[in-house]
Amino acid sequence: MEINIPEVVTEVTAQFMRYEAALNANDVAVLDEIFWDSPHTLRYGVAENLHGYAEIKAFRAGRSPAGLEPVSYTH
């Protein structure tokens, strides 16, 4: 088994960064595109557990964009 295949790491990192940017900007169109359109898709959030793409999409559409700025951690 191979791990840390450079091409895979690059692709996953790019998609993660795209997701984070969309999440922080409340870019609902990109977030809807990223999530798998399936009743099997799960999303566990801070205050919600969402089951199925339709429920996730509805949550995104109704969520306030206030307070979505990235959290800054200091040591």
Side-chain angles (χ1 to χ4, degrees):
M1 173 183 3
E2 283 187 73
I3 59 170
N4 294 327
I5 301 167
E7 297 83 16
V8 175
V9 171
T10 299
E11 183 178 349
V12 170
T13 300
Q15 289 302 318
F16 172 78
M17 298 305 290
R18 184 173 180 234
Y19 170 76
E20 283 293 304
L23 187 63
N24 291 320
N26 198 37
D27 188 337
V28 175
V30 171
L31 293 168
D32 287 345
E33 175 191 333
I34 289 172
F35 276 77
W36 182 35
D37 187 350
S38 168
H40 302 290
T41 303
L42 303 174
R43 181 189 177 276
Y44 296 105
V46 175
E48 71 285 331
N49 295 329
L50 305 171
H51 302 255
Y53 179 82
E55 195 170 297
I56 294 167
K57 188 173 180 178
F59 169 79
R60 294 269 187 231
R63 179 174 72 164
S64 168
L68 296 177
E69 299 80 23
V71 175
S72 176
Y73 298 98
T74 57
H75 299 269

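Cluster membership check: F35 does not share its hydrophobic cluster with F16, using side-chain heavy-atom separations under 4.5 Å among Ile, Leu, Val, Met, Phe, Trp and Tyr. Criterion: ILVMFWY side-chain heavy atoms under 4.5 Å apart, direct or through other members. Under it, Y53 and L42 are not part of a common hydrophobic cluster.
The salt bridge (Lys or Arg N to Asp or Glu O under 4.0 Å) analysis of residues 41-62, with sequence neighbours excluded, yields the pairs R43-E48. Under the salt bridge (Lys or Arg N to Asp or Glu O under 4.0 Å) criterion, the residue pairs touching residues 2-21 are R18-E33, with sequence neighbours excluded.
Under the side-chain contact (heavy atoms from CB on, under 4.5 Å) criterion, S38 pairs with W36, H40, T41, not counting sequence neighbours.
Across all their heavy atoms, L50 and I56 have their closest contact at CB-CG1, 3.7 Å.
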**Request:** Begin from the C-alpha positions of V30 and Y19 and carry the test side chain to side chain contact (heavy atoms under 4.5 Å, CB included) through to its verdict.
**Result:** CA-CA 8 Å; V30 171; Y19 170 76; over 6 Å; no
